[in-house]
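Model, not experiment: these values are computed from the prediction. Chain identifiers are assigned alphabetically (A, B, ...) following the order of the sequence lines, protein sequences preceding nucleic acid strands; residue numbering begins at 1 within each chain.
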2 protein chains.
Amino acid sequence: MGTTERRERERKEMRDLILEKAMELFLSEGYENVSMRKIAEAIEYSPGTIYLYFSDRDEIIFALHLMAFQKFYKALSVMAGDGDPWERLVKGGGAYIRFAIANPGLYELMFIMNSPAKTIKAKDKWEEGLNSFGLLSDTVQECVDSGKFPAETDVPTAALYFWGMCHGLVSLAIRNRLPMIPKSQIRGVLESAFNFGVAKMG
Amino acid sequence: MGTTERRERERKEMRDLILEKAMELFLSEGYENVSMRKIAEAIEYSPGTIYLYFSDRDEIIFALHLMAFQKFYKALSVMAGDGDPWERLVKGGGAYIRFAIANPGLYELMFIMNSPAKTIKAKDKWEEGLNSFGLLSDTVQECVDSGKFPAETDVPTAALYFWGMCHGLVSLAIRNRLPMIPKSQIRGVLESAFNFGVAKMG
DNA sequence: CCATTCTCTGAACGGTGTTCAGAGAAAACA
DNA sequence: TGTTTTCTCTGAACACCGTTCAGAGAATGG
């Protein structure tokens with residue numbers, strides 16, 4: 001009786017279809033301009049159907065936020081490896097900034113929007129975020145081990161500093177708080193600021 | 001004929017009343033949980049009346065964002081003065097972080113929310129933000145002049161770096177991306193990260 | 001006292017997220 | 001096969017939202 005298996009497969013396919021179309025709409029129209037009805041229209045089902053696969057709008061956004069993290073983690077993986085850890089750390093920061101500027105919609109989902117934060121708070125943990133933070137912490141640890149950073153360095157603090165610096169720069173840009181910088185120059189300016197910071201550290 | 005003057009005064013009083021009650025509601029219930037109807041109820045007028053004083057919801061939020069900047073600019077003024085510029089810069093960063101943690105609602109308004117950004121983009125300038133950024137830039141310039149920073153330092157780049165670092169730390173906290181840190185310790189942790197950064201620079 | 005100007009109301013419009021009784025198809029059982 | 005059960009899906013309905021606007025009523029000016 002393969003019925004149950006087929007049902008499960010079809011259920012997953014429907015979830016994937018909803019997520020795919022929702023992501024398409026969100027990225028092209030902006031998160032606040034996409035309603036459940038519009039998603040329903042895009043998948044050619046009635047609005048009620050979506051609620052048979054997701055409990056509410058936030059659950060869709062949380063699922064998309066997980067998908068964004070997969071892509072993000074890959075982009076950040078240039079930081080892993082066995083070269084000089086300081087060089088990898090700097091490379092990771094550059095990759096972080098480029099990813100955010102190239103994928104502002106995904107970045108918002110992961111690090112700015114309120115909606116996923118509600119679920120993070122409710123679950124009281126955030127594996128996806130902490131995985132990426134772990135990658136960063138490991139690299140910072142290696143910088144301590146290799147003597148690049150002083151032995152008494154508190155690794156979580158140093159990693160948070162590094163993350164905060166990158167996040168601050170890109171989130172100011174994404175939320176339009178740098179209107180004095182022409183859009184075409186944003187990436188370069190952020191990278192300069194980042195380089196200023198790492199030059200001071202290095 | 002003092003009628004016109006009285007009318008103008010009453011008009012201003014009504015605008016202030018709306019802003020005051022709106023701010024109260026926003027800070028206590030959160031921005032997305034306050035509707036125009038709720039504001040109308042708070043001021044004891046019908047919803048339509050608000051639109052005689054503000055063209056739409058975004059205009060209210062933009063006006064509140066200006067009020068937030070007044071308070072913020074004052075808090076940041078510890079950075080001005082005539083002591084050692086580097087010391088003032090560090091003090092300014094500390095004030096920035098403390099202000100944001102103590103007034104997350106105001107901070108969101110100024111640096112995170114989308115709504116004021118629309119108006120900033122429409123007006124294509126942002127005096128209030130640039131005033132505060134100017135305060136920072138001036139202090140960085142004085143660090144260059146006093147020899148604390150190398151003469152070839154690009155001041156806007158260094159200032160942006162400093163801003164980004166502070167903004168990144170607090171906005172991660174405000175948007176709940178640091179669930180691994182207990183709320184009571186957030187401020188201390190952010191300050192440690194900030195100190196790690198300035199120690200590297202100083 | 002009348003005409004004008006101004007303020008304010010509240011119903012209405014077209015949207016929103018979400019729920020749920022009931023229709024109809026598919027599967028399981030006899 | 002026919003019958004019963006299980007499952008999927010619909011779409012109207014609910015309670016909200018931001019915003020508009022004809023018209024009521026008061027204040028002002030002549």
Grab the N/O contacts between the protein and nucleotides 1-4 of chain D below 3.5 Å, and write none if there aren't any.
none

- Message: Just to be sure I understand the geometry, which residues of residues 12-51 of chain B put a non-hydrogen atom under 4.0 Å away from DNA chain C?
- Response: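 The stretch gives B:Arg37, B:Tyr45, B:Ser46, B:Gly48, B:Thr49 as the residues lying under 4.0 Å from the strand, ordered by number.
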
- Check each residue of residues 52-67 of chain B for a non-hydrogen atom within less than 4.0 Å of any atom in DNA chain C, then write out the ones that pass by number, or none. B:Leu52, B:Tyr53

- Message: Between B:Glu5 and B:Arg9, does any NZ, NE, NH1 or NH2 come within less than 4.0 Å of an OD or OE carboxylate oxygen?
- Response: no

- Are B:Glu191 and B:Arg187 close enough for a salt bridge, meaning some N to O gap below 4.0 Å? yes

- Item | Integer-rounded Å distance: D:dA27 C1' and B:Arg6 CZ | 8 Å

- Query: Rounded to whole angstrom units, what separation is found between the NZ atom of A:Lys118 and the C1' atom of C:dG17?
  - Reply: 12 Å

- Task: Count the heavy atoms of every other residue, nucleotide or ligand shown that sit under 6.0 Å from NZ of A:Lys12, and state whether that count exceeds 12.
- Result: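 Not buried by this count: 12 neighbours or fewer within 6.0 Å.
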
- Task: Mark yes when over 12 heavy atoms from residues, nucleotides or ligands other than B:Glu41 sit less than 6.0 Å from its CD; otherwise mark no.
- Result: no

- Are the aromatic ring centres of B:Tyr96 and B:Phe162 under 6.0 angstrom apart? no

- Should the ring pair B:His65 and B:Trp126 be called parallel, tilted or perpendicular, given that the plane angle runs from 0 to 90° and is split at 30 and 60? parallel

- Aromatic rings A:His167 and B:His167: how do their planes relate, parallel, tilted or perpendicular, breaks at 30° and 60°? parallel

- N/O donor-acceptor pair under 3.5 Å between A:Lys148 side chain and A:Glu87 backbone: no

- Item | Identified salt bridge (charged side-chain N to carboxylate O under 4.0 Å, His left out) partner of A:Glu59 from the options A:Lys123, A:Lys118, A:Arg15 |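 It is A:Arg15, the one option of A:Lys123, A:Lys118, A:Arg15 that forms the salt bridge (charged side-chain N to carboxylate O under 4.0 Å, His left out) with A:Glu59.
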
- Using a distance-only test with no angle check, is there a side-chain donor-acceptor pair under 3.5 angstrom linking A:Glu127 and A:Asn131?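 Distance-only check fails for A:Glu127 and A:Asn131.
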
